Amino acid sequence: QVRPVESGGGLVQAGDSMRLSCAASGRLFSTYAMGWFRQAPGKEREFVAAIGEIPRDTDYADSVKGRFTISRDNAKNTVYLQMNSLKPEDTAVYYCAARSSPLLSRYSSAYDSWGQGTQVTVSS
């Protein structure tokens, strides 16, 4: 089973950029779809971005489209979330998730394993 571990969170100002990384154990990583979700205080966890087994298969929430980019490096068993033009409303705990299917999904219930999360705080 692929187990994700996030890194790269922190405190930035509005307009700044940040890259999150998700290192995943497991030799089947390249066959897994991967996703990023986030949860802000007092809100439900929401979909941010996902990538399929085929790296060009990506999907984004409308709120981040054009600002965030998801990518994967199968040689390093790592998924990235490049976040540009950050806004205060992007403040949340960001979670990386792995799905034992090559097809991406927007639904958290479709993912089999989750990381512990990393805090991203964007100040105005």
Side-chain angles (χ1 to χ4, degrees):
Q1 186 178 10
V2 171
R3 300 188 183 279
V5 177
E6 307 92 340
S7 62
L11 172 64
V12 295
Q13 293 187 331
D16 284 352
S17 297
M18 175 184 287
R19 189 177 77 164
L20 302 182
S21 298
C22 173
S25 62
R27 62 184 179 86
L28 298 178
F29 171 81
S30 64
T31 67
Y32 274 52
M34 302 293 293
W36 285 98
F37 293 77
R38 68 186 181 186
Q39 187 167 18
K43 295 186 177 182
E44 294 187 352
R45 189 173 299 186
E46 64 175 2
F47 169 74
V48 175
I51 187 166
E53 177 188 30
I54 301 174
R56 67 174 179 269
D57 289 342
T58 58
D59 190 20
Y60 297 92
D62 288 344
S63 59
V64 307
K65 196 172 294 183
R67 300 189 298 123
F68 290 12
T69 302
I70 188 170
S71 61
R72 66 190 302 159
D73 184 340
N74 290 336
K76 296 182 178 180
N77 274 27
T78 300
V79 173
Y80 303 99
L81 185 68
Q82 177 66 43
M83 305 184 293
N84 298 330
S85 302
L86 281 161
K87 304 175 181 180
E89 50 263 44
D90 294 319
T91 295
V93 176
Y94 283 70
Y95 297 90
C96 180
R99 183 182 191 216
S100 56
S101 164
L103 304 178
L104 58 82
S105 174
R106 288 180 160 231
Y107 302 100
S108 59
S109 59
Y111 290 81
D112 304 293
S113 57
W114 293 78
Q116 294 297 310
T118 185
Q119 176 71 47
V120 172
T121 303
V122 184
S123 63
S124 57

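Scope of the values below: all heavy atoms of this structure, side chains included, with no hydrogens, waters or symmetry mates. All values reported here derive from a predicted model rather than from experimental measurement.
In this structure, Pro88 and Ser123 have side chains that are not in contact, with every pair of non-hydrogen atoms separated by 4.5 Å or more. Put simply, the side chain of Phe29 reaches to within 4.5 Å of the side chain of Arg72, judged on heavy atoms.
In the model, Thr121 has a side-chain atom that pairs as donor or acceptor with a side-chain atom of Gln119 under 3.5 Å.
Taking each heavy atom of Thr31 and Leu28 in turn, the nearest pair found is OG1-O, 2.7 Å. Taking both residues in full, the closest heavy atoms of Tyr60 and Ala49 are given as CD2-CB, 3.7 Å, listed atom of the first, atom of the second, then distance. Taking each heavy atom of Ile51 and Thr58 in turn, the nearest pair found is CG1-CG2, 3.9 Å. The two residues Tyr111 and Ala33 come nearest to each other via the heavy atoms CE2-O, 4.2 Å.
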| message | Go through it in stages, so that I can follow the logic: the residues are Arg67 and Met83, the test is side-chain contact (heavy atoms from CB on, under 4.5 Å), and I'd like the CA-CA distance, side-chain angles, deciding distance and then a yes or no. | response | CA-CA 6 Å; Arg67 300 189 298 123; Met83 305 184 293; over 6 Å; no
| request: Please step through side-chain contact (heavy atoms from CB on, under 4.5 Å) for the pair Leu20 and Phe68, ending with a clear verdict. | output: CA-CA 11 Å; Leu20 302 182; Phe68 290 12; over 6 Å; no
| task | Would you sort out whether Glu46 and Arg38 count as a side-chain contact (heavy atoms from CB on, under 4.5 Å), showing the intermediate values? | result | CA-CA 5 Å; Glu46 64 175 2; Arg38 68 186 181 186; 2.6 Å; yes
| What do the steps show when you test Trp36 against Val79 for side-chain contact (heavy atoms from CB on, under 4.5 Å), and what is the final call? | CA-CA 9 Å; Trp36 285 98; Val79 173; 3.5 Å; yes
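Side chain of Thr118 to backbone of Gly9: a donor-acceptor contact under 3.5 angstrom is found. Without hydrogens or angle criteria, Asn77 side chain to Gly26 main chain gives a donor-acceptor distance under 3.5 Å. A donor-acceptor pair under 3.5 Å is formed between the side chain of Glu6 and the backbone N or O of Gln116. The main-chain N or O of Val122 is found under 3.5 Å from a side-chain atom of Thr91 such that the two form a donor-acceptor pair. Distance alone, capped at 3.5 Å, places no donor-acceptor pair between the Asn84 side chain and the Ser17 backbone. Arg3 places no side-chain N or O within donor-acceptor distance of the main-chain N or O of Ala23, the cut-off being under 3.5 Å. In this structure a side-chain-to-backbone donor-acceptor pair under 3.5 Å is missing from Gln82 to Thr69.
Using a cutoff of 4.0 Å between basic side-chain nitrogens and carboxylate oxygens, Asp59 and Arg106 are scored as salt-bridged. With respect to Asp62 and Lys65, a salt bridge is recorded, a charged nitrogen being found less than 4.0 Å from a carboxylate O.
Atom SG of Cys22 sits about 9.0 Å away from atom CD1 of Ile70, to the nearest 0.5 Å. Separation of atoms OH (Tyr94) and CE (Met18) is listed at 9.0 Å; rounding is to 0.5 Å. To the nearest 0.5 Å, atom OG of residue Ser101 and atom CD of residue Glu53 are 8.5 Å apart. Remark: Trp114 CH2 to Cys96 SG distance equals 9.0 Å, nearest 0.5 Å. Atom OG of residue Ser71 and atom CE of residue Met34 lie 11.5 Å apart, to the nearest 0.5 angstrom. Rounding to the nearest 0.5 Å places OG of Ser63 at 7.0 Å from CG of Asp90.
The side-chain contact (heavy atoms from CB on, under 4.5 Å) test applied to Ser21 returns Ser7, Arg19, Thr78, Tyr80, not counting sequence neighbours. Contacts of Phe47 classified as ring-ring contact (aromatic ring centres under 6.0 Å, His included), with partners at least two apart in sequence or in another chain: Phe37.
Under a hydrophobic-cluster definition in which Ile, Leu, Val, Met, Phe, Trp and Tyr are linked whenever side-chain heavy atoms come within less than 4.5 Å, directly or via other members, Val93 and Val64 are assigned to different clusters. Side-chain heavy atoms closer than 4.5 Å link hydrophobic residues (I, L, V, M, F, W, Y) into clusters, and following such links, even through other members, never connects Tyr95 to Tyr32.
Within 6.0 Å of atom CZ in Arg45, more than 12 heavy atoms from other residues, nucleotides or ligands are found, so the atom counts as buried in its surroundings.
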